[in-house]
Number of protein chains: 2
Amino acid sequence: MVRICRQARTGHWNIRLSQADEIGKLVFGFFNEVGIINQLATRQLESKLPGGLLISHFGVINHLMRLGDGRTPLQIATAHQVPKTTMTHTLAGLKKAGLIEFAPNPSDARSKCVMLTEAGRAFHAQAIGAIVPEFQSLLSDIPAEEFAAALPFLQRLRAYMDTARD
Amino acid sequence: MVRICRQARTGHWNIRLSQADEIGKLVFGFFNEVGIINQLATRQLESKLPGGLLISHFGVINHLMRLGDGRTPLQIATAHQVPKTTMTHTLAGLKKAGLIEFAPNPSDARSKCVMLTEAGRAFHAQAIGAIVPEFQSLLSDIPAEEFAAALPFLQRLRAYMDTARD
DNA sequence: ACTATTTGGTTCGATATCGTATTAAATAAA
DNA sequence: TTTATTTAATACGATATCGAACCAAATAGT
């Protein structure tokens, strides 16, 4: 697909413009699809979340359920690739909703540990319960194998982009 | 991967819970990667955009460049899967930045046609010029073929999710 | 023709996101 | 030890997103 060709007159090696254009369209189209799928999935999920909470909230709760609570705000922020100031705000919302509590961080007085409350765990169960039927309906039309096949590339791409940002 | 099994006692066909759980994790992981890739790509692109404009702005300009201007706000909003009220706001920003103009819609007095200005086209060229090097660096680590291989599934998934939302 | 409903767009208010600047604790340097 | 730098978190302000309510034009129903 990537064709390098040599300009006869100058002797320089270049990507032919039309080819580069094609590739640009390809990568661009890829990220475009990713963006729209994300948009659609976000809306779909958010419409099922109890109590008018948003993906940002669910994301944090889900993170704490999967990896265990007691993490610091900064850890959660970097895991979700959002600025820490955004996480401060999201956590404030979760606290107000009674889904998390803060505990002092024994190893650093500046920091905190984010703890799930019982209501937080219940919220997670409820949200998962609401989402599972959506997944089942999705999987009845698009087989799980295809998701499994697509996943490794996304993981690799994510890992690359993650390290490449400076 | 999807294993349907029959309960000997009742005779009912069911997805075994552990399997369903695995599948949930799979689909969930998929959308999670999509979300983070989108996040990273957005940040990356946004940091390169001239004039402090955002993806939402670039998205509209790019849309008009690709498909031709003269589209209505609502058409653009649905194409981008955002509420029309969001598009009103985005278009106001673009107008204030001098990148678009509004023309009356000859076939509907309530509506408008969104037209690109010269500055709008220049902005697009400049943005593309800033993005292309990013793509090239990306493609030097992840070959274009892999993007090409991943794209069809994403397109199919998007199309499905698009029609399935009600 | 006349009313009812739908549709394109904006306004408004509530909340989210994020960059900049700030505070306080931790760590490094002297 | 004292000072300088880094680091965790927050405060604040500017802008984005989005739902509800609204208006006016278009279309449907009668």
Side-chain angles (χ1 to χ4, degrees), chain A residues 35-36 38-49 51-61 70-97 100-115 165, chain B residues 35-36 38-49 51-61 70-97 100-115 165:
Chain A
I36 298 207
N38 185 57
Q39 182 94 2
L40 289 164
T42 298
R43 297 291 194 82
Q44 184 83 9
L45 173 52
E46 235 162 48
S47 73
K48 304 291 174 194
L49 281 187
L53 296 207
L54 303 182
I55 295 283
S56 47
H57 302 118
F58 175 77
V60 171
I61 297 292
R71 323 222 146 221
T72 72
L74 193 56
Q75 286 175 324
I76 305 174
T78 57
H80 288 253
Q81 307 288 0
V82 298
K84 53 185 179 174
T85 135
T86 301
M87 189 50 61
T88 299
H89 185 78
T90 304
L91 293 174
L94 287 170
K95 174 139 174 51
K96 200 169 71 172
I100 61 167
E101 282 298 335
F102 294 118
N105 187 333
S107 64
D108 190 335
R110 299 166 297 178
S111 185
K112 298 174 166 183
C113 294
V114 183
M115 310 306 288
R165 84 202 136 109
Chain B
I36 298 206
N38 185 57
Q39 184 95 0
L40 290 164
T42 298
R43 295 291 195 82
Q44 183 83 10
L45 173 51
E46 234 160 48
S47 74
K48 304 292 173 191
L49 282 186
L53 295 206
L54 304 182
I55 295 283
S56 46
H57 302 119
F58 175 77
V60 170
I61 298 293
R71 323 227 146 217
T72 71
L74 193 56
Q75 285 176 324
I76 305 174
T78 58
H80 289 251
Q81 307 290 1
V82 298
K84 53 187 181 171
T85 134
T86 302
M87 189 50 61
T88 298
H89 185 79
T90 305
L91 291 174
L94 288 170
K95 174 138 175 54
K96 199 167 73 171
I100 60 167
E101 282 298 336
F102 294 118
N105 186 333
S107 64
D108 189 334
R110 297 167 299 179
S111 183
K112 299 172 164 182
C113 293
V114 182
M115 310 306 288
R165 84 199 136 112

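Each chain gets a letter, A, B and so on, in the order the sequences are listed, and its residues count up from 1.
Note on B/Asn105: nothing from the nucleic acid sits closer than 4.0 angstrom, heavy atoms only. As judged by a 4.0 angstrom heavy-atom cut-off over every strand, B/Ser111 is placed among residues touching the sugar-phosphate backbone only.
C/dC18 atom C1' lies 10 Å from atom CG of B/Leu54, rounded to whole Å. D/dT6 atom C1' lies 12 Å from atom CG of A/Asp108, rounded to whole Å. Rounded to whole Å, atom C1' of C/dT11 lies 15 Å from atom CG of B/Leu91. In this structure, A/Arg71 places its CZ atom 19 Å from C1' of D/dA9, rounding to the nearest Å. Rounded to an integer number of Å, the gap from CD of A/Gln39 to P of D/dT17 is 9 Å. As a whole-Å value, the separation of A/His57 NE2 from C/dA14 C1' is 13 Å. Protein atom NZ of A/Lys84 is 14 Å distant from nucleotide atom P of C/dA21, rounded to whole Å. Atom-to-atom, CD1 of A/Ile100 to P of D/dA9 comes out at 12 Å; the value is rounded to the nearest Å.
Listed nucleotides: C/dT17, D/dC12, C/dG8. Nearest to the side chain of A/Thr85: D/dC12. With C/dG8, C/dT10, C/dA16 as the candidates, the nucleotide lying closest to the side chain of B/Leu74 is C/dG8. You'll find that the side chain of B/His89 is closest to D/dT17, out of C/dA25, D/dA25, D/dT17. For A/Thr86, taking side-chain heavy atoms from C-beta onward, the closest of the listed nucleotides D/dA8, C/dT17, D/dA16 is C/dT17. Here the side chain of A/Ser56 is nearest to one of C/dA16, D/dA8, D/dA16, namely C/dA16.
Put simply, B/Thr88 has no side-chain N or O that comes within less than 4.0 Å of OP1 or OP2 on C/dG9. The shortest distance between the side-chain N/O atoms of B/Lys112 and the OP1/OP2 oxygens of C/dT10 is below 4.0 Å.
Looking only at side-chain heavy atoms (C-beta outward), A/Ser111 and A/Gln75 stay at 4.5 Å or farther from each other. With a 4.5 Å cut-off on side-chain heavy atoms, B/Pro73 and B/Val114 count as touching.
Judged by distance alone, with hydrogens and angles left aside, the side-chain atoms of A/Glu101 form no donor-acceptor pair with the main-chain N or O of A/Met115 at under 3.5 Å. Judged purely by atom type and a 3.5 angstrom limit, B/His89 has no side-chain atom pairing as donor or acceptor with the backbone of B/Thr86. No donor-acceptor pair under 3.5 Å is formed between the side chain of B/Gln81 and the backbone N or O of A/Gln39.
Residue side chain B/Arg110 reaches the base of D/dA25 through a donor-acceptor N/O pair under 3.5 Å, judged by distance alone. At a cut-off of 3.5 angstrom, the base of C/dG8 holds no donor-acceptor pair with the side chain of B/Thr72.
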Exercise for review: Would you please test B/Ile61 and B/Ile100 for side-chain contact (heavy atoms from CB on, under 4.5 Å) and show each step?
Suggested key: CA-CA 8 Å; B/Ile61 298 293; B/Ile100 60 167; 4.0 Å; yes
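Positionally, the nearest nucleotide of DNA chain D for A/Cys113 lies more toward the 5' end than for the other of B/Pro83 and A/Cys113. Two residues, A/Pro73 and A/Glu46, neighbour DNA chain D, and the one matched to the more 5' nucleotide by heavy-atom proximity is A/Pro73.
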